[in-house]
Number of protein chains: 2
Amino acid sequence: MPRRKRDPESDIGGRERLLAAAVRLFGAKGYAATTVRDILRAAGVTAPVLYYHFGNKEGLWTALVREGVSKLSVAQDEAMAAAGSAVDRIRGFCRAAYEMRRQHADSHRVIWEILSGPPAAAPRLDLSGEGARFIERLRALVQEAVSSGELRACNTLHVTLALTACLDAASGLRVYDLPGSDPGDELEGMMSVILDGLVIPFE
Amino acid sequence: MPRRKRDPESDIGGRERLLAAAVRLFGAKGYAATTVRDILRAAGVTAPVLYYHFGNKEGLWTALVREGVSKLSVAQDEAMAAAGSAVDRIRGFCRAAYEMRRQHADSHRVIWEILSGPPAAAPRLDLSGEGARFIERLRALVQEAVSSGELRACNTLHVTLALTACLDAASGLRVYDLPGSDPGDELEGMMSVILDGLVIPFE
DNA sequence: GTCTATACAATGATAGAC
DNA sequence: GTCTATCATTGTATAGAC
């Protein structure tokens with residue numbers, strides 16, 4: 001029977017305590033600015049617990065990123081299976097990705113640091129496969145909308161990249177934030193700018 | 001007559017040497033991962049030079065950001081004064097911003113770390129004024145295109161934000177980079193997706 | 001304005017008991 | 001698996017000579 005020392009109600013293991021604390025701190029301060037001591041204090045454990053479970057600071061970071069990537073990719077699978085018109089599914093796909101990023105904001109920021117931060121700021125983890133997979137999936141939906149005649153002929157790659165750019169902009173929480181604006185509304189508006197311009201008008 | 005010790009051809013002062021070295025390192029590794037020792041070694045000066053000119057590490061960072069912001073905003077002023085149709089000027093404005101970011105990639109990454117990086121990764125410097133100014137300028141061009149009848153009526157804010165999102169995506173050097181793709185071409189393509197959809201068609 | 005030399009706190013990590 | 005205690009290294013920053 002495990003000891004119960006710091007948290008009377010739920011006695012989760014040190015491993016999980018560390019992961020939970022680390023994602024918050026790495027998400028708020030980035031890899032380099034987050035110290036092992038910070039994490040230990042926030043998790044309420046001592047140093048050997050971290051080094052026993054993860055080997056070192058980088059091991060904890062790596063475990064965290066893997067966990068985050070798998071969580072965020074779940075939203076993709078669900079959104080792909082949705083019903084509705086192709087354009088509706090494009091919107092739903094982006095919306096789902098946006099909501100997932102909001103819900104797991106810390107995980108998203110950790111991944112975002114790898115993707116968009118300085119090249120050598122954090123341990124290098126190759127996430128290009130995940131990024132490419134996201135693009136491919138969204139592009140398939142765009143292609144579907146063109147094939148079905150919902151959208152007019154266009155460069156599907158550029159449409160996909162533009163949609164992704166808008167999604168990333170809405171997901172990034174502080175860039176260009178204007179007073180009294182809601183990122184969710186902005187995402188809807190930006191998607192409309194792109195998609196409405198491609199809808200085949202009534203003759 | 002100043003001493004000439006490390007650099008036979010151009011004997012610039014320690015202050016400039018530090019700024020040049022720091023922008024490279026901060027751009028490559030971010031604020032926290034870049035150590036004062038790194039900078040000193042790269043600049044070929046000793047510690048007191050840094051602390052004499054900038055007070056501390058954060059002072060050097062701050063000076064660097066201010067320098068970068070003013071450099072990057074020059075491109076805006078020039079692009080605003082350009083001739084051509086409103087749509088051409090929108091494209092030119094984004095193109096100029098993109099080129100400026102490429103040319104001063106390190107400065108851009110330093111600023112980008114503040115705008116899109118983890119909230120507490122680097123010393124907080126309020127750049128919201130610069131961001132808002134950029135949005136306002138681009139939006140004025142979009143509004144002009146609508147007023148002149150080049151573009152159909154639309155939500156100018158959302159169009160502006162979408163354009164900015166595409167610009168930022170193309171400027172971010174590693175996010176979703178696909179094999180054999182050129183960010184400059186992608187920017188052109190994404191701008192076309194947005195603007196061509198808004199062009200008023202011939203009846 | 002720049003150097004040599006150094007102070008001193010914070011960092012990531014480990015040994016060994018339990 | 002987790003604790004106490006500690007280490008070696010690296011971090012930012014300064015004193016004082018020139």
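In the text below, chain A, chain B and the rest are named by the order of the sequence lines, each starting its count at 1. Everything numeric in this text was worked out from a predicted model, so none of it was measured.
Within the structure, no pair that satisfies the salt bridge (Lys or Arg N to Asp or Glu O under 4.0 Å) test touches residues 52-74 of chain B, not counting sequence neighbours. For residues 88-99 of chain A, the side-chain hydrogen bond (donor to acceptor under 3.5 Å, both in side chains) pairs, not counting sequence neighbours, are A:Ser85-A:Asp88, A:Arg89-A:Glu144, A:Arg91-A:Ser192, A:Arg95-A:Glu188, A:Tyr98-A:Arg102. The salt bridge (Lys or Arg N to Asp or Glu O under 4.0 Å) pairs that include a residue from residues 22-32 of chain B are B:Lys29-B:Asp38, where partners are two or more places apart or lie in different chains.
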Item to check | Contact state string [nucleotides 12-18 of chain C, B base, S sugar-phosphate only, - no protein heavy atom under 4.0 Å] | outcome: BBBB---
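A:Ser147 meets the side-chain hydrogen bond (donor to acceptor under 3.5 Å, both in side chains) test with A:Gln143; sequence neighbours excluded. With sequence neighbours excluded, no residue forms a side-chain contact (heavy atoms from CB on, under 4.5 Å) with B:Ala140.
Of the candidate nucleotides D:dT4, C:dT2, C:dC3, D:dT4 has the atom nearest to the side chain of A:Thr46.
Residue B:Leu40 contributes atom CG, which lies 9 Å from atom P of D:dT12 at whole-angstrom precision. In this structure, CG of B:Leu60 is placed 11 Å from P of D:dA13, rounded to the nearest angstrom. Rounded to whole Å, the distance from NZ on A:Lys29 to P on C:dA10 is 13 Å. When rounded to the nearest whole Å, the span between CZ of A:Arg41 and P of C:dT11 equals 9 Å. Rounded to an integer number of Å, the gap from B:Leu18 CG to C:dT2 C1' is 11 Å. In this structure, A:Arg17 places its CZ atom 12 Å from C1' of D:dT2, rounding to the nearest Å.
Side-chain contact annotation: A:Ser181 with A:Glu186, donor-acceptor N/O pair under 3.5 Å present.
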